[in-house]
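Counting convention: from 1, in listed order, for ligands and their atoms alike.
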Amino acid sequence: MKKLLIFMSLSLGTMGLYSQNSTIPSSVKNVEAKVDSVLNLMTLEEKVGQMIQYNGSWDLTGPASETGNKQKEDRLKKGLVGSMLNVLSVEATEKAQKLNMENSRMKIPLMFGYDVIHGYKTIFPVPLAETASWDMEAAEESARIAALESVAEGVNWTFSPMIDISRDARWGRIMEGSGEDPYLTSKVAVAKVKGYQGEDLSNPKTIAATAKHFAGYGFAEGGKDYNTVNIGENELHNVILPPFKAAADAGVATFMNSFNTIDGIPATGSESLQREILKGDWDWTGFMVSDWGSIAEMIPHGFAKDKIHAAEIAVKAGSDMDMEGGAYEAGLEKLVAAGKVEEALIDDAVKRILRVKFKMGLFDDPYRYINSETKKNVPYKEHMSTARDIAKKSIVLLKNENDLLPIKTSVKKIAVIGPLADDKDTPIGNWRAQGEENSAVSVLEGLKNANLDAQITYAQGIKLGMGERSFLMPLKINKTDTTGMGEAVRNAKNAELVVMVLGEDAFQSGEGRSQAKIGLAGLQMELLKAVHKVNKNIVLVLINGRPLELSWSSENIPTIVEAWQLGSESGNAIADVLLGKYNPSGKLPVSFPRAVGQEPLYYNHKNTGRPFSAEHVTYAHYTDIENGPLYPFGYGLSYTQFDYARPELSVESIKSREKATLSVAVTNSGDRKGKEVVQLYLRDLVATTARPVKELKGFEMIELEPGETKTVEFIINEEMLKFYNASEKWEAEEGEFQLMVGGNSEDVQSVKFNFSN
Ligand code: NOJ
């Protein structure tokens, strides 16, 4: 009887009563019944309409589709669009929602998606940088703020977090992810989902999140964006999938598939990834949006002969919504009519989409996230101070010799030099949403804001410019004009300390921004060497979105600060660290190479049969450079020192369901308060497949006063030992394991233990 009542109210609702005052109960428990009721009333054309996402046209983040604006508007009025992307502002989203709600038969609300990657208006560090904070509360908080600022502009769905593992600094999108480690990326994935979505997706201060790109996109061959991916099941399950599983378990509302092929199959057309693993094995109930045009891109992949064929492959594989691709629009109805696609598959996709819309509370109020009052209450000022806090935590101190940092009060003449030193745009980085051009605090401004009792001179050294700054047109650091170098060198000569700010411009990394060279671009090395000739007291501050090749600098420059693209408050945060107001605590989430030829480079590699030989040349190495990274994963210095005691294990062997405790005492042996990320790594010594030489399995950040000691405890259990093994199962195998603890992936102490069933 109760069911019948719900059905009746839903039927009425779809006939015109879905409005702000709808009486339809919104408790999650009834979502499935509501979804079914709505679906039962829909025509095939309307169902297919829900599976179509249109771009709002004015902010293209990919090639424009063939569907013109007039056509899009007509379809909106007929209720034949499920979602729009890149429609920004309360006015614009309201207009689109009204076209849909006031004219369509079914009145199914639209979702509005946008790439809110590291903030909406207040810009936080790019994701790779923020991950360097190893601070999951920070990762959650910046997502919560981004959500709030998004809904203030009518956006209720972000295409974030990007949780593609990447081991290749050449890949432009490495800036958008959390680096090379599946465990750390999984933690970030969960924090981001929590931050964007909160506890309740229908809360109008939250937005739906997207786990992307499913899957393998970060493993593009040669680090070239969109390129072919060739990986086996072992790598897929042990390295690429874990962060996605973590996001699915955390309740992420949507997934996005990816442009690449894996082992010959486009991810967008992969039934195994989408239907079998994600929706089958993991039992995930949200919906899969394609990447921009990725369904139709199966045609150039040579996997589909036309859009109709591409639509058939994608819907069968489990892609639920077509982002600005036109394939579903062209194909799905025809395919059902021809009996090539069962309507049940369409129903499954539409149910998933409706489910998310119900959970977001859109059926209760389609204008829930469209409210001009919201913006008035957004505490933008407070958000800036959080942005500064997170930015300073993301900075990694790579080298600090000659006691140059923190800058002493006795230093009275500082030369600030470099093309990025007073650049207010680069720190905003790529994927900046509505972060304004030139709105960041520059390093020069940050130092000036600190009111130092020192004279500060500034010289750009190399010009910035050549071309417009936009998503489509990268700005290049000048390669030919040396006119500014003389002034820079003169200033350096007259200074006690040089703060040199170099790196990459804002759009050197990001989508489509892969590079074959990852050194300092343009004339930056020339400038650095010229300054170094006259003054060796250089603090090199790097602003960049990917690991750079830094071998010369690492050998010759005493102090190096990895400051990434830190967002709106960049310069203030960098000044906080340079002046010692904040003791740096960041650790690298990705290995820094000695030379680009080492890429892909990652700490959790397998051992090979010939890991090392002191006597013979025939082992796994390059003959022209030292083996291993310049700066390893997990590495980062502090202004104080941390000493690790021998790790101790409570028992030397465990069985299933038992646990051991690994304790390590860490002492601050320096004279400043500081934070340390204590890291736990594990190696399975003999297994049915070769296992990595180490894998991160836990970390804890501790803060210690000078002289203070704290003991960190890690629980070791069977879960931690599991991996996708030769039997294609996620399980722990019996045998000996090595546990390693330390302040980075190389500097560790180890103990062994046994596991048996
Ligand atoms: C393509 C990118 O790969 C994806 O990450 C993004 O969300 C879409 N474009 C929409 O802008």
- Does a side chain donor of either Glu149 or Thr122 reach within less than 3.5 Å of an acceptor in the other side chain? yes
- Answer whether the closest heavy-atom distance between the side chains of Gln515 and Arg170 falls below 4.5 Å. no
- Query: Is Met162 near ligand 1, meaning one of its heavy atoms is under 4.0 Å from it?
  - Reply: no
- Task: Taking only heavy atoms of Phe159 into account, list the atoms of ligand 1 that are under 4.0 Å away from them.
- Result: 7 (O)
- Item | Check against side-chain contact (heavy atoms from CB on, under 4.5 Å), Phe219 and Val239 | CA-CA 11 Å; Phe219 275 60; Val239 181; 4.0 Å; yes
- Task: Test the Lys212-Trp157 pair against the cation-pi criterion, namely NZ or CZ under 6.0 angstrom from the six-membered ring centroid and within 45° of the ring axis.
- Result: no
- Query: Regarding Ser294 and Thr268, is there a side-chain donor-to-acceptor distance under 3.5 Å anywhere?
  - Reply: yes
- Query: What atoms of ligand 1 come within less than 4.0 Å of a heavy atom belonging to Asp115?
  - Reply: 6 (C), 7 (O), 10 (C), 11 (O)
- Item | Salt bridge present between Asp168 and Arg173 (N-O < 4.0 angstrom) | no
- Close-contact set for ligand 1 against Arg173 heavy atoms, below 4.0 Å: 2 (C), 3 (O), 4 (C), 5 (O)
- Could you list which atoms of ligand 1 come closer than 4.0 Å to a heavy atom of Lys212? 4 (C), 5 (O), 6 (C), 7 (O)
- N/O to N/O below 3.5 Å, does that happen between His213 and ligand 1? yes
- Could you tell me which atoms of ligand 1, counted from 1 in the order shown, lie closer than 4.0 angstrom to a heavy atom of Asp291? 1 (C), 2 (C), 3 (O), 4 (C), 6 (C), 8 (C), 9 (N)
- Query: Between the side chains of Asn257 and Ser290, does any donor sit under 3.5 Å from an acceptor?
  - Reply: no
- Query: Is Phe259 near ligand 1, meaning one of its heavy atoms is under 4.0 Å from it?
  - Reply: yes
- Short N or O distance, Tyr217 and ligand 1, threshold 3.5 Å exclusive: no
